[in-house]
Engineer: 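Have a look at the structure that comes next, please.
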Amino acid sequence: MSRHSINLTDQVYEYYHSVTLREDDVMQRCRAETARHKWAGMQISPELGQLMGLLVKMLNARKIIELGVYTGYSSLCMARAMPVGGKLVACDVKEEYTSKAEEYWKAAGVADKIDLRLAPALDTLNDLLNAGESDSFDFIFVDAIKEEYSAYYPLNYRLLRNGGLMVIDNVLWGGDVADPDNQTAETNAIRAFNRMVHEDDRVDMCMLPVGDGITLIRKR
Ligand code: CA
């Protein structure tokens, strides 16, 4: 028995993937091609993608928001898990990356479920609120600008329905959040965000050491 989560050595991680991942060809290709990209570290881990797909199915999510698309792996995982007629509002500002994402969405046959918004995430969230879409989203995945995490949160909270779920990526930030000597703007922004969510009694929450750390937040 350990008080810690298990230490994932390369050998354990490889075994773990061999008995959990269920990626299709398009997901494998997206992940392999993105791994050669200069910002490859921005791609979510495949186990996180699979977890999100499972959560989307458990919630029977039909309306999803994604903040931070990159080359589309996470949106592929969520869109595949949505029922026909489901809609995923995918927010990013870098067309250079989302044009790749669009190729994978088409190849996977999920392009018609995805509404790509090339604009700052805060603008798109405000647009959705102004369009009367409060309390209507089932699932929101946040993986965009770390300094804006605390600004996304109240908007996402309003857009989410009761019982809906937010999943926030990078909350352990490579461990930097636990290092008091690390005072970068991004690290401090994630610390402040983590503290705020922990103290917010309007939600149920649980942080998990998956990938770079995620927090699951359920609106009560
Ligand atoms: Ca991330």
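Since the structure is predicted, the reported quantities are computational estimates derived from the model, not experimental observations. Start at 1 and go down the list; that is how both ligands and their atoms are numbered.
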Engineer: Decide, yes or no, whether a salt bridge links R117 with D123 under the criterion of side-chain N to carboxylate O below 4.0 Å.
Structural biologist: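 Looking at R117 and D123, the cut-off is not met.
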Engineer: Write out all pairs satisfying salt bridge (Lys or Arg N to Asp or Glu O under 4.0 Å) with one or both partners inside residues 192-203, taking only residues at least two apart or from two chains.
Structural biologist: D200-R202
Engineer: Could you go through the side chain to side chain contact (heavy atoms under 4.5 Å, CB included) check for L55 and L165 one step at a time?
Structural biologist: CA-CA 9 Å; L55 293 168; L165 191 72; 3.9 Å; yes
Engineer: Near the Ca ion (ligand 1), which protein N/O/S atoms are found at less than 3.0 Å?
Structural biologist: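 Checking every protein N, O and S atom gives D143 OD1, D143 OD2, D169 OD2, N170 OD1.
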Engineer: Side-chain heavy atoms under 4.5 angstrom apart, residues restricted to Ile, Leu, Val, Met, Phe, Trp, Tyr: same cluster for L59 and M82?
Structural biologist: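 The answer is yes; both residues are in one hydrophobic cluster.
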Engineer: Can you pull out every salt bridge (Lys or Arg N to Asp or Glu O under 4.0 Å) where at least one residue sits in residues 177-187? Sequence neighbours excluded, please.
Structural biologist: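 Found none.
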Engineer: Please collect all salt bridge (Lys or Arg N to Asp or Glu O under 4.0 Å) contacts where either partner lies in residues 56-69, sequence neighbours excluded, each pair once.
Structural biologist: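 Qualifying pairs, neighbours excluded: K63-E133.
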